*Asks:* 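First the structure, then my questions, so here it is.
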Amino acid sequence: MGRLIVQKYGGTSVGSPERILGVAQRVKGYVEKGDKVVVVVSAMSGETNRLVALGEEIWGPQFNHRELDVLYSSGEQVSIALVSLALEKVGVTAKSFLADQIPLRTNGEFGKARIVEIESKSLKEAIADGIVPVVAGFQGVTADGLITTLGRGGSDTSAVAVAAALDADECEICTDVDGVYTADPRIIKKANRLDQITFEEMLELASLGSKVLHPRSVELAGRHKVPLRVVSTFEGGQGTLISFDGDDMEGAVVSGIAHAADEAKITIEGVADIPGVASKIISPVSAANIDVDMIVQNTSADGLTDFTFTVKRPDFDEALALLGTVSEEIGARKVSGDPQISKVSVVGVGMRSHAGVASRVFEALAKEGINIQMISTSEIKISVVVDEKYTELAVRSLHEEFNL
Ligand code: ADP
Ligand code: ASP
Ligand code: MG
């Protein structure tokens, strides 16, 4: 019996009419084998960037607005129509679905909405009728009928959510690389493809900047135990399976290196080292829906301390302005910021059982003369903040240090 497979095609995969016809042929191959396929697509490559830039010209860098989501989501509407037409052209019956037509419900947080539920009836009926549903990724609809988007890269999350709702046999993320590599293959030419990676490691890598998968897609796959695989749209091969069972399968201490170059840091200097201060500093930032990442507080000298945290670069100006107000309220000496930093992380479940990984990270970076500005660790990762200009060098030296 055929399987039910959800296939998500990213921007490059649907970047031109030729590529869209290529996708249609690829889907046809599965259908001819007897598989049922649901396709989820992103906007054509460059399209969402173009829409975001247009929105910015009128509205500025703020992205939390009803109309901006109407704008951003339009790229996927174009793709579902073109992919459905291409499927029909190659002899596969297909039907496009906007989020609203499924419906795929989200909360009302424009620009970073979360999926609440998917009514699977319409998709199931189409599948039962032998139709390939072509679903618009990245978008959702609120209970009130407002269009939302899931955050950049969010089509992966749409695909996993659809796979979970349909209890699919597999969710394939079809993209422009043939799997998950030990580091971004665009930066590290010698990076190696992993046959498998544990769910835990993939979640860390994605959250720490490896954009091959949207972090929430990995989270959702874990919660609903959706078998998830990253494969190439253009070449054959098994790609990389995100596995839920194995622990430290390859016996490696470190499985991969992630980097996020779009980070910024903010420091409040000379704040009183008393209970409640950390909360006074961070609460207004969280209330403004700004994600705060690494947080470091120094030990105090003379009852005063410094408090540093990182945010995504697009949130930097807003966070800095908020902190200006907070700093006056709590009588801090000074607020300063640096929007030119990046975060480089080594990830591996093997770290749990190996001491000395941190010292190897620090030594490898020291050898290259790279200053570490902040450090954060968990059981299976070590992240450092460095000057943005050292990003590539840091990733390369760590990739070599751990023989990846
Ligand atoms: P899509 O448009 O298909 O969603 P993305 O550009 O979002 O594709 O994600 C694929 C890209 O992720 C690759 O082209 C690659 O540059 C990048 N990437 C970053 N880290 C990794 C990694 N560890 N393994 C594979 N690709 C990675
Ligand atoms: N088109 C959206 C973006 O560029 C969603 C996605 O590609 O996953 O962010
Ligand atoms: Mg993507």
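Note: hydrogens, waters and symmetry copies are ignored here, and every other heavy atom, side chains too, is used. First listed ligand is number 1; within each ligand, the first listed atom is number 1. Keep in mind the model is a prediction, meaning the values are calculated, not measured.
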*Asks:* What are the atoms of ligand 2, with element, lying closer than 4.0 Å to any heavy atom of Gly153?
*Replies:*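 Those of ligand 2 that fall under 4.0 Å from Gly153 are 3 (C), 5 (C), 6 (C), 8 (O), 9 (O).
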*Asks:* Go through the side-chain N and O atoms of Asp69 and Thr148 and say whether any donor and acceptor fall under 3.5 Å apart.
*Replies:*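 Thr148 and Asp69 do not have a side-chain donor-acceptor pair below 3.5 Å.
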*Asks:* Starting from atom 14 (O) of ligand 1, what is the nearest protein heavy atom, named by residue and atom, and what distance separates them?
*Replies:*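 In this structure, atom 14 (O) of ligand 1 has Arg186 NH2, 2.5 Å as its nearest protein heavy atom.
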*Asks:* Does the plane of the ring in Phe199 sit parallel, tilted or perpendicular to the ring in Phe244? Use 30° and 60° as the thresholds.
*Replies:*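 Correct class here is tilted.
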*Asks:* Any nitrogen or oxygen of Pro185, side chain or backbone, less than 3.5 Å from one on ligand 1?
*Replies:*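 Between Pro185 and ligand 1 (N or O atoms, distance only) the closest approach is not under 3.5 Å.
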*Asks:* Is a side-chain N or O of Thr175 found less than 3.5 angstrom from the main chain of Gly10, in a donor-acceptor match?
*Replies:*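 No; zero donor-acceptor contacts below 3.5 Å.
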*Asks:* Does this structure show an ion pair linking Lys95 with Asp129, if we count only N-O contacts that are shorter than 4.0 Å?
*Replies:*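 No salt bridge links Lys95 with Asp129.
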*Asks:* Where does Lys8 meet ligand 1, judged by heavy-atom distances below 4.0 Å: at the side chain, the backbone, both, or neither?
*Replies:*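 Under 4.0 Å from ligand 1, Lys8 contributes side-chain atoms alone.
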*Asks:* Tell me the protein heavy atom at minimum distance from atom 2 (O) of ligand 1, and give that distance in Å.
*Replies:*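 Protein heavy atom with the smallest distance to atom 2 (O) of ligand 1: Gly11 N, 3.2 Å.
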*Asks:* Under 4.0 Å from any heavy atom of Val180, which atoms of ligand 1 are there?
*Replies:*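 In order of number, 24 (N).
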*Asks:* Determine whether the side chain, the backbone, both or neither of Glu76 has a heavy atom under 4.0 Å from any heavy atom of ligand 2.
*Replies:*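 Within the 4.0 Å criterion, Glu76 contacts ligand 2 through side-chain atoms alone.
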*Asks:* Could you list the atoms of ligand 2 found under 4.0 angstrom from a heavy atom of Arg152?
*Replies:*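 Atoms satisfying the 4.0 Å criterion: 3 (C), 4 (O), 9 (O).
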*Asks:* Find all atoms of ligand 2 within a distance of less than 4.0 Å from any non-hydrogen atom belonging to Thr48, and give their numbers and elements.
*Replies:*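 Answer, ordered by atom number: 1 (N), 2 (C), 3 (C), 4 (O).
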*Asks:* Of Thr175, Thr48, Val177, which has the heavy atom at the shortest distance from atom 8 (O) of ligand 1?
*Replies:*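 Nearest option to atom 8 (O) of ligand 1, by heavy atoms: Thr175.
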*Asks:* So Phe307 and Val277, do their side chains get closer than 4.5 Å, heavy atoms only?
*Replies:*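 Side chain of Val277 against side chain of Phe307, heavy atoms only: no contact under 4.5 Å found.
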*Asks:* Run the contact test for Gly11 against ligand 2 with a 4.0 Å cut-off on heavy atoms, strictly below, and give the result.
*Replies:*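 Outside the 4.0 Å threshold, so no.
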*Asks:* Have a look at ligand 2 and work out which part of Ser42, if any, has a heavy atom under 4.0 Å from it: side chain, backbone, both or neither.
*Replies:*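 Under 4.0 Å from ligand 2, Ser42 contributes side-chain atoms alone.
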*Asks:* For atom 7 (O) of ligand 1, what is the nearest protein heavy atom, given as residue, atom name and distance?
*Replies:*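 The closest one turns out to be Lys211 O, 3.5 Å.
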*Asks:* Any ion pair linking Glu400 and Arg396 (charged N to carboxylate O, less than 4.0 Å)?
*Replies:*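 Looking at Glu400 together with Arg396, the answer is no, because their closest N to O distance does not fall below 4.0 Å.
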*Asks:* Is there a donor-acceptor contact under 3.5 Å linking the side chains of Ser217 and Asp156?
*Replies:*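 Note: Ser217 and Asp156 side chains miss the donor-acceptor criterion.
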*Asks:* Would Asp315 and Arg313 count as a salt bridge (Lys or Arg N to Asp or Glu O under 4.0 Å) here? Give the steps.
*Replies:* CA-CA 5 Å; Asp315 292 329; Arg313 199 168 298 159; over 6 Å; no
*Asks:* Does Lys33 have more than 12 heavy atoms from other residues, nucleotides or ligands lying within 6.0 Å of its NZ?
*Replies:*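 Yes, the 6.0 Å shell around NZ holds more than 12 heavy atoms from other groups.
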*Asks:* What protein heavy atom sits nearest atom 24 (N) of ligand 1, and how far off is it?
*Replies:*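 The protein heavy atom lying closest is Tyr181 N, 2.9 Å.
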*Asks:* Has Gly10 got any heavy atom lying under 4.0 angstrom from an atom of ligand 2?
*Replies:*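 Gly10: no contact with ligand 2 (<4.0 Å).
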*Asks:* Can Arg105 and Glu117 be said to form a salt bridge (Lys or Arg N to Asp or Glu O under 4.0 Å), step by step?
*Replies:* CA-CA 5 Å; Arg105 299 245 181 256; Glu117 73 162 329; 5.1 Å; no
*Asks:* Evaluating non-hydrogen atoms only, which member of Gly154, Ser210, Gly179, Ala206 is closest to atom 25 (C) of ligand 1?
*Replies:*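 Checking each option, the heavy atom nearest atom 25 (C) of ligand 1 is found in Gly179.
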*Asks:* What pair of heavy atoms forms the shortest contact from Asp273 to Gln297, and how long is it?
*Replies:*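 Nearest heavy atoms, Asp273 then Gln297: OD1-NE2, 3.3 Å.
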*Asks:* Going by the side-chain hydrogen bond (donor to acceptor under 3.5 Å, both in side chains) test, name the single residue among Thr310, Thr391, Asp293 that passes it with Lys343.
*Replies:*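 Filter result, single survivor: Asp293.
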*Asks:* Counting only heavy atoms, tell me which of Asp176, Asp156, Thr233, Val347 gets closest to atom 11 (C) of ligand 1.
*Replies:*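 Result: the heavy atom closest to atom 11 (C) of ligand 1 is in Asp176.
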*Asks:* Evaluating non-hydrogen atoms only, which member of Val212, Leu208, Thr182, Asp184 is closest to atom 15 (C) of ligand 1?
*Replies:*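 Answer by nearest heavy atom: Asp184.
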*Asks:* So is Ala183 touching ligand 1 or not, going by heavy atoms under 4.0 Å?
*Replies:*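 Right, Ala183 reaches ligand 1.
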